[in-house]
Novice: 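Quick one: this structure, given as C-alpha coordinates, is what I'll be asking you about.
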Amino acid sequence: MLDLKFIKENKQIVNKSLKDRRMKVDLERILGLYEKRRSLLSGVEGLKHKKNTASTEIGRLIKEKKNAQDKITSMKAISQKIKTIDKKVEEIDKEICEISLTIPNIPDSSVPIGPEPDANKIVRQSTSLPKFDFGPKTHLEIAEALGIIDFGRASKLTGSHFSLFKAQGARLERALINFMLDLHTGKRKYIEIWPPALVNRRSMIGTGQLPKLEEDMYRLKDEDYFLVPTAEVPLTNMHQDEVLREEDLPICYTAYTPC
(Lines give C-alpha, C1' and ligand atoms only; values in the text may rest on other atoms or scores of the structure.)
Protein backbone atom coordinates (compact mmCIF):
# COMPACT_ATOMS: atom_id res chain seq x y z
CA MET A 1 0.00 0.00 0.00
CA LEU A 2 1.06 3.59 -0.58
CA ASP A 3 1.92 5.45 2.61
CA LEU A 4 -0.78 7.96 3.61
CA LYS A 5 1.84 10.65 4.09
CA PHE A 6 3.05 10.03 0.52
CA ILE A 7 -0.53 10.31 -0.79
CA LYS A 8 -1.04 13.58 1.10
CA GLU A 9 2.22 15.12 -0.14
CA ASN A 10 1.87 13.78 -3.72
CA LYS A 11 -1.86 13.92 -4.35
CA GLN A 12 -1.47 15.10 -7.97
CA ILE A 13 0.93 12.26 -8.78
CA VAL A 14 -1.41 9.67 -7.24
CA ASN A 15 -4.42 11.16 -9.03
CA LYS A 16 -2.58 11.05 -12.37
CA SER A 17 -1.63 7.42 -11.72
CA LEU A 18 -5.29 6.55 -11.07
CA LYS A 19 -6.38 8.42 -14.20
CA ASP A 20 -3.74 6.68 -16.33
CA ARG A 21 -4.91 3.32 -14.99
CA ARG A 22 -8.56 4.32 -15.58
CA MET A 23 -9.37 3.81 -11.91
CA LYS A 24 -11.52 5.85 -9.53
CA VAL A 25 -10.57 6.15 -5.86
CA ASP A 26 -11.88 8.83 -3.50
CA LEU A 27 -8.57 10.35 -2.34
CA GLU A 28 -10.35 13.22 -0.59
CA ARG A 29 -12.19 10.68 1.53
CA ILE A 30 -9.06 8.84 2.64
CA LEU A 31 -7.15 12.10 3.28
CA GLY A 32 -10.10 13.43 5.30
CA LEU A 33 -10.10 10.25 7.38
CA TYR A 34 -6.33 10.59 7.83
CA GLU A 35 -6.70 14.12 9.24
CA LYS A 36 -9.65 13.08 11.43
CA ARG A 37 -7.58 10.20 12.81
CA ARG A 38 -4.68 12.52 13.64
CA SER A 39 -7.04 14.94 15.39
CA LEU A 40 -8.67 12.17 17.43
CA LEU A 41 -5.31 10.72 18.47
CA SER A 42 -4.09 14.16 19.51
CA GLY A 43 -7.22 14.65 21.63
CA VAL A 44 -7.06 11.21 23.22
CA GLU A 45 -3.45 11.77 24.28
CA GLY A 46 -4.58 14.82 26.23
CA LEU A 47 -7.36 12.81 27.87
CA LYS A 48 -4.94 10.03 28.80
CA HIS A 49 -2.68 12.61 30.43
CA LYS A 50 -5.65 13.91 32.45
CA LYS A 51 -6.56 10.34 33.42
CA ASN A 52 -3.03 9.62 34.64
CA THR A 53 -2.98 12.87 36.62
CA ALA A 54 -6.37 12.09 38.17
CA SER A 55 -5.25 8.57 39.02
CA THR A 56 -2.20 9.94 40.84
CA GLU A 57 -4.39 12.47 42.68
CA ILE A 58 -6.89 9.77 43.69
CA GLY A 59 -4.07 7.65 45.09
CA ARG A 60 -2.84 10.60 47.10
CA LEU A 61 -6.31 11.44 48.47
CA ILE A 62 -6.98 7.82 49.45
CA LYS A 63 -3.61 7.61 51.15
CA GLU A 64 -4.44 10.77 53.12
CA LYS A 65 -7.89 9.31 53.93
CA LYS A 66 -9.66 12.16 52.11
CA ASN A 67 -12.77 12.05 49.92
CA ALA A 68 -11.77 11.10 46.37
CA GLN A 69 -15.24 10.39 44.97
CA ASP A 70 -15.39 13.48 42.72
CA LYS A 71 -11.98 12.60 41.22
CA ILE A 72 -13.06 8.98 40.72
CA THR A 73 -16.28 10.07 38.95
CA SER A 74 -14.26 12.46 36.76
CA MET A 75 -11.73 9.74 35.91
CA LYS A 76 -14.52 7.32 34.92
CA ALA A 77 -15.98 9.94 32.59
CA ILE A 78 -12.54 10.49 31.01
CA SER A 79 -12.05 6.72 30.65
CA GLN A 80 -15.39 6.46 28.82
CA LYS A 81 -14.39 9.29 26.45
CA ILE A 82 -11.08 7.55 25.73
CA LYS A 83 -12.92 4.29 25.02
CA THR A 84 -15.32 6.06 22.63
CA ILE A 85 -12.48 7.78 20.75
CA ASP A 86 -10.45 4.55 20.53
CA LYS A 87 -13.48 2.85 18.94
CA LYS A 88 -13.81 5.69 16.41
CA VAL A 89 -10.10 5.45 15.55
CA GLU A 90 -10.48 1.69 15.08
CA GLU A 91 -13.38 2.24 12.65
CA ILE A 92 -11.40 4.91 10.76
CA ASP A 93 -8.36 2.62 10.54
CA LYS A 94 -10.54 -0.11 9.02
CA GLU A 95 -11.97 2.23 6.37
CA ILE A 96 -8.54 3.71 5.60
CA CYS A 97 -7.17 0.19 5.09
CA GLU A 98 -10.06 -0.78 2.80
CA ILE A 99 -9.53 2.28 0.58
CA SER A 100 -5.73 2.03 0.67
CA LEU A 101 -5.88 -1.53 -0.66
CA THR A 102 -7.61 -0.23 -3.81
CA ILE A 103 -4.90 2.35 -4.61
CA PRO A 104 -2.28 0.87 -6.97
CA ASN A 105 1.44 1.61 -7.05
CA ILE A 106 2.69 4.49 -9.19
CA PRO A 107 3.72 3.23 -12.66
CA ASP A 108 7.22 4.01 -13.90
CA SER A 109 7.37 7.09 -16.14
CA SER A 110 8.53 4.90 -19.06
CA VAL A 111 5.30 2.86 -19.07
CA PRO A 112 3.15 3.80 -22.12
CA ILE A 113 -0.35 5.09 -21.38
CA GLY A 114 -3.30 3.90 -23.43
CA PRO A 115 -6.67 2.16 -23.16
CA GLU A 116 -5.81 -0.65 -25.59
CA PRO A 117 -2.87 -3.11 -25.91
CA ASP A 118 -1.71 -1.39 -29.12
CA ALA A 119 -0.42 1.45 -26.91
CA ASN A 120 2.31 -0.93 -25.74
CA LYS A 121 5.78 -0.51 -27.20
CA ILE A 122 8.24 -3.19 -28.29
CA VAL A 123 11.30 -2.73 -26.04
CA ARG A 124 13.49 -5.28 -27.77
CA GLN A 125 13.24 -8.21 -30.15
CA SER A 126 15.78 -11.03 -30.08
CA THR A 127 15.03 -12.51 -33.50
CA SER A 128 13.09 -11.59 -36.58
CA LEU A 129 9.56 -12.97 -36.76
CA PRO A 130 9.09 -15.86 -39.21
CA LYS A 131 6.99 -15.30 -42.31
CA PHE A 132 4.89 -18.03 -43.94
CA ASP A 133 3.30 -18.33 -47.35
CA PHE A 134 0.39 -20.22 -45.73
CA GLY A 135 -1.82 -19.88 -42.68
CA PRO A 136 0.05 -21.65 -39.86
CA LYS A 137 -1.87 -23.69 -37.32
CA THR A 138 -1.95 -22.56 -33.70
CA HIS A 139 -0.01 -24.51 -31.07
CA LEU A 140 -3.36 -25.73 -29.71
CA GLU A 141 -4.39 -27.17 -33.08
CA ILE A 142 -1.01 -28.87 -33.46
CA ALA A 143 -1.16 -30.30 -29.91
CA GLU A 144 -4.64 -31.74 -30.49
CA ALA A 145 -3.56 -33.23 -33.83
CA LEU A 146 -0.59 -34.91 -32.11
CA GLY A 147 -2.87 -36.35 -29.43
CA ILE A 148 -0.95 -34.75 -26.56
CA ILE A 149 -3.75 -32.50 -25.31
CA ASP A 150 -7.49 -33.14 -24.95
CA PHE A 151 -9.76 -30.15 -24.39
CA GLY A 152 -12.97 -32.12 -24.87
CA ARG A 153 -12.32 -34.47 -21.95
CA ALA A 154 -10.92 -31.63 -19.84
CA SER A 155 -14.20 -29.79 -20.36
CA LYS A 156 -16.08 -32.94 -19.32
CA LEU A 157 -13.98 -33.26 -16.14
CA THR A 158 -13.97 -29.61 -15.14
CA GLY A 159 -15.32 -27.08 -17.65
CA SER A 160 -14.28 -24.89 -20.54
CA HIS A 161 -10.80 -23.30 -20.67
CA PHE A 162 -9.18 -26.25 -18.86
CA SER A 163 -6.69 -28.65 -20.44
CA LEU A 164 -5.84 -32.32 -20.08
CA PHE A 165 -2.35 -33.37 -21.18
CA LYS A 166 -1.73 -37.00 -22.07
CA ALA A 167 1.03 -39.30 -23.32
CA GLN A 168 3.97 -37.21 -24.59
CA GLY A 169 2.09 -34.04 -23.56
CA ALA A 170 2.00 -35.14 -19.91
CA ARG A 171 5.68 -36.16 -20.07
CA LEU A 172 6.53 -32.77 -21.57
CA GLU A 173 4.75 -30.96 -18.71
CA ARG A 174 6.64 -33.02 -16.13
CA ALA A 175 9.95 -32.47 -17.95
CA LEU A 176 9.41 -28.70 -18.10
CA ILE A 177 8.65 -28.57 -14.37
CA ASN A 178 11.84 -30.50 -13.57
CA PHE A 179 13.85 -28.41 -16.02
CA MET A 180 12.70 -25.18 -14.36
CA LEU A 181 13.38 -26.41 -10.82
CA ASP A 182 16.74 -28.01 -11.68
CA LEU A 183 17.90 -24.87 -13.48
CA HIS A 184 17.06 -22.56 -10.59
CA THR A 185 18.26 -24.82 -7.78
CA GLY A 186 21.41 -25.90 -9.63
CA LYS A 187 22.93 -23.17 -11.75
CA ARG A 188 21.22 -20.27 -9.96
CA LYS A 189 21.31 -21.65 -6.39
CA TYR A 190 17.69 -20.89 -5.59
CA ILE A 191 16.10 -22.64 -2.59
CA GLU A 192 13.35 -25.02 -3.70
CA ILE A 193 10.06 -24.77 -1.81
CA TRP A 194 6.98 -27.00 -1.93
CA PRO A 195 4.33 -24.64 -0.50
CA PRO A 196 0.71 -25.36 0.44
CA ALA A 197 -1.77 -24.91 -2.41
CA LEU A 198 -4.15 -23.05 -0.07
CA VAL A 199 -3.42 -19.74 1.65
CA ASN A 200 -5.38 -17.48 3.99
CA ARG A 201 -6.91 -14.09 3.16
CA ARG A 202 -4.05 -12.16 4.71
CA SER A 203 -1.57 -13.81 2.36
CA MET A 204 -3.68 -12.94 -0.67
CA ILE A 205 -3.87 -9.33 0.50
CA GLY A 206 -0.11 -9.33 1.07
CA THR A 207 0.65 -9.90 -2.62
CA GLY A 208 -2.17 -7.72 -3.96
CA GLN A 209 -4.68 -10.30 -5.23
CA LEU A 210 -7.28 -9.10 -2.71
CA PRO A 211 -9.49 -7.18 -2.56
CA LYS A 212 -9.31 -6.23 -6.26
CA LEU A 213 -9.39 -9.74 -7.76
CA GLU A 214 -11.50 -11.59 -5.20
CA GLU A 215 -14.26 -12.42 -7.70
CA ASP A 216 -11.67 -14.20 -9.88
CA MET A 217 -10.18 -16.25 -7.03
CA TYR A 218 -11.11 -19.81 -6.03
CA ARG A 219 -12.19 -19.81 -2.37
CA LEU A 220 -13.27 -22.62 -0.06
CA LYS A 221 -16.95 -22.43 0.84
CA ASP A 222 -16.69 -22.83 4.61
CA GLU A 223 -13.11 -21.65 5.21
CA ASP A 224 -11.47 -18.33 4.34
CA TYR A 225 -8.79 -20.11 2.31
CA PHE A 226 -7.93 -19.49 -1.34
CA LEU A 227 -6.28 -21.67 -3.97
CA VAL A 228 -2.97 -20.02 -4.84
CA PRO A 229 -3.03 -18.33 -8.28
CA THR A 230 0.79 -18.45 -8.56
CA ALA A 231 3.73 -19.64 -6.46
CA GLU A 232 4.48 -15.94 -5.89
CA VAL A 233 1.78 -15.77 -3.20
CA PRO A 234 3.09 -18.39 -0.72
CA LEU A 235 6.77 -17.65 -1.46
CA THR A 236 6.41 -13.92 -0.80
CA ASN A 237 4.28 -14.41 2.29
CA MET A 238 6.82 -16.76 3.85
CA HIS A 239 8.40 -13.55 5.21
CA GLN A 240 5.14 -11.86 6.15
CA ASP A 241 5.62 -9.52 9.16
CA GLU A 242 9.37 -10.17 9.21
CA VAL A 243 12.18 -7.62 9.00
CA LEU A 244 14.96 -9.04 6.85
CA ARG A 245 18.59 -8.13 7.45
CA GLU A 246 20.39 -6.53 4.53
CA GLU A 247 23.26 -8.99 4.81
CA ASP A 248 20.81 -11.88 4.27
CA LEU A 249 19.65 -10.51 0.92
CA PRO A 250 18.96 -11.54 -1.74
CA ILE A 251 16.83 -14.50 -0.73
CA CYS A 252 15.99 -16.60 -3.79
CA TYR A 253 13.17 -19.13 -3.78
CA THR A 254 11.65 -21.22 -6.55
CA ALA A 255 8.58 -23.43 -6.52
CA TYR A 256 6.21 -25.37 -8.69
CA THR A 257 2.53 -25.04 -7.78
CA PRO A 258 -0.33 -26.83 -9.58
CA CYS A 259 -2.31 -23.61 -10.02
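Quick note: residue numbers are just sequence positions, from 1.
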Novice: Please answer: with hydrophobic residues joined when any side-chain heavy atoms are less than 4.5 Å apart, are Leu41 and Leu47 in the same cluster?
Specialist: yes

Novice: With the threshold set at 4.0 Å, does a side-chain nitrogen-carboxylate oxygen contact exist between Arg202 and Asp241?
Specialist: yes

Novice: Would you please name every residue forming a side chain to side chain contact (heavy atoms under 4.5 Å, CB included) with Glu215, sequence neighbours left out?
Specialist: none

Novice: Would you confirm whether Glu141, through its side chain, and Thr138, through its main-chain N or O, come within 3.5 Å as a donor-acceptor pair?
Specialist: yes

Novice: Does any non-hydrogen side-chain atom of Phe151 lie less than 4.5 Å from one of Ser163?
Specialist: yes

Novice: Between Leu220 and Leu198, is the side chain to side chain contact (heavy atoms under 4.5 Å, CB included) condition met? List the steps.
Specialist: CA-CA 9 Å; Leu220 269 63; Leu198 289 167; 3.4 Å; yes

Novice: Leu176 versus Met180: any side-chain heavy-atom pair under 4.5 Å?
Specialist: no

Novice: Does CD belonging to Glu246 count more than 12 external heavy atoms closer than 6.0 Å?
Specialist: no

Novice: Calculate, to the nearest 0.5 Å, the distance between atoms CG and NZ belonging to Leu31 and Lys8 respectively.
Specialist: 8.0 Å

Novice: Looking at every heavy atom in both Pro112 and Ala119, which two are closest together, and how far apart are they?
Specialist: CB-O, 3.3 Å

Novice: Tyr190 and Ile177: same hydrophobic cluster, using ILVMFWY side-chain contacts below 4.5 Å?
Specialist: no

Novice: Using atom types as modelled and distance alone, determine if a side-chain donor or acceptor of Ser39 lies under 3.5 Å from a backbone N or O of Glu35.
Specialist: no

Novice: Could you check whether any side-chain heavy atom of Pro229 comes within less than 4.5 Å of a side-chain heavy atom of Gln209, counting everything from C-beta outward?
Specialist: yes

Novice: Taking the side chain as every heavy atom from C-beta outward, state whether Leu101 and Met1 have any pair of such atoms under 4.5 Å apart.
Specialist: yes

Novice: To check you understand the geometry: which heavy-atom pair defines the closest contact between Gly152 and Asp150, and what is its length?
Specialist: N-OD1, 3.2 Å

Novice: Is a side-chain donor or acceptor of Gln125 paired with a backbone partner of Thr127 at a separation under 3.5 angstrom?
Specialist: yes

Novice: With hydrophobic residues grouped by side-chain heavy-atom distances under 4.5 Å, do Val199 and Leu213 end up in a single group?
Specialist: yes

Novice: Is there a donor-acceptor contact under 3.5 Å from the side chain of Ser79 to the main chain of Met75?
Specialist: yes

Novice: Between Asn237 and Gln240, is there a donor-acceptor pair closer than 3.5 Å when you use the side chain of the first and the backbone of the second?
Specialist: no

Novice: Between Lys83 and Asp86, is the closest basic N to carboxylate O distance under 4.0 Å?
Specialist: no

Novice: Could you measure the distance from the CZ atom of Arg188 to the SG atom of Cys252? Nearest 0.5 Å is fine.
Specialist: 10.5 Å

Novice: At their closest point, which heavy atom of Gly147 faces which heavy atom of Lys166, and how far apart are they?
Specialist: O-CE, 3.2 Å

Novice: Rounded to the nearest 0.5 Å, what separation is found between the CG atom of Leu40 and the NZ atom of Lys87?
Specialist: 14.0 Å

Novice: Is any NZ, NE, NH1 or NH2 atom of the basic residue among Arg201 and Glu214 found under 4.0 Å from an Asp or Glu carboxylate oxygen of the other?
Specialist: yes

Novice: Going through the distances and angles, do Val233 and Met204 end up as a side chain to side chain contact (heavy atoms under 4.5 Å, CB included)?
Specialist: CA-CA 7 Å; Val233 175; Met204 294 287 276; 4.0 Å; yes

Novice: When rounded to the nearest 0.5 angstrom, what is the spacing between CZ in Arg37 and CD1 in Ile30?
Specialist: 11.5 Å

Novice: About how many Å separate CD of Glu9 and CG of Asp3, when rounded to the nearest 0.5 Å?
Specialist: 8.5 Å

Novice: Is Ser100 close to Leu4 at the side-chain level, that is, under 4.5 Å between some pair of heavy atoms?
Specialist: yes

Novice: Got Ile7 and Tyr34 here, is their nearest side-chain heavy-atom distance under 4.5 Å?
Specialist: no

Novice: Is there a path from Leu227 to Leu210 through hydrophobic residues (I, L, V, M, F, W, Y) whose side chains come within less than 4.5 Å of each other?
Specialist: no

Novice: With side chains defined as the heavy atoms from C-beta onward, is the minimum distance between Asp93 and Val89 less than 4.5 Å?
Specialist: yes

Novice: Which residue pairs pass the ring pair (Phe, Tyr, Trp, His ring centres under 6.0 Å) test when at least one of the two sits in residues 239-259, sequence neighbours left out?
Specialist: His239-Tyr253

Novice: Please check this pair: side chain of Ser17 against backbone of Ile13, looking for a donor-acceptor N/O pair closer than 3.5 Å.
Specialist: no

Novice: At their closest point, which heavy atom of Arg21 faces which heavy atom of Asn105, and how far apart are they?
Specialist: NH2-O, 3.1 Å

Novice: Hey, does the side chain of Thr84 reach the backbone of Gln80 with a donor-acceptor pair shorter than 3.5 angstrom?
Specialist: yes

Novice: Rounded to the nearest 0.5 Å, what separation is found between the CD1 atom of Ile62 and the CG atom of Asn67?
Specialist: 10.0 Å

Novice: Go through it in stages, so that I can follow the logic: the residues are Phe6 and Val14, the test is side chain to side chain contact (heavy atoms under 4.5 Å, CB included), and I'd like the CA-CA distance, side-chain angles, deciding distance and then a yes or no.
Specialist: CA-CA 9 Å; Phe6 175 85; Val14 179; 4.0 Å; yes

Novice: Okay, side chain of Ser42, backbone of Arg38: is any donor-acceptor separation there less than 3.5 Å?
Specialist: no

Novice: Does Ala255 have any side chain to side chain contact (heavy atoms under 4.5 Å, CB included) partners at least two apart in sequence or in another chain, and if so, which?
Specialist: Ile193, Pro195, Ala231, Leu235

Novice: Less than 4.0 Å between a side-chain N and a carboxylate O, is that true for Arg29 and Asp26?
Specialist: no

Novice: Can you confirm whether the side chains of Thr73 and Asp70 place a donor and an acceptor under 3.5 Å from each other?
Specialist: no

Novice: Where do Ile99 and Thr102 come nearest, in terms of heavy atoms and distance?
Specialist: O-OG1, 2.6 Å

Novice: Could you check whether any side-chain heavy atom of Leu2 comes within less than 4.5 Å of a side-chain heavy atom of Ile106, counting everything from C-beta outward?
Specialist: yes

Novice: Assess the residue pair Glu64 and Arg60 against the criterion (salt bridge (charged side-chain N to carboxylate O under 4.0 Å, His left out)); give the C-alpha distance rounded to whole Å, side-chain angles, the decisive distance to 0.1 Å, and a yes or no.
Specialist: CA-CA 6 Å; Glu64 295 175 359; Arg60 183 186 65 79; 2.9 Å; yes

Novice: Should Tyr225 and Ile205 be counted in the same cluster of Ile, Leu, Val, Met, Phe, Trp and Tyr side chains packed under 4.5 Å apart?
Specialist: no

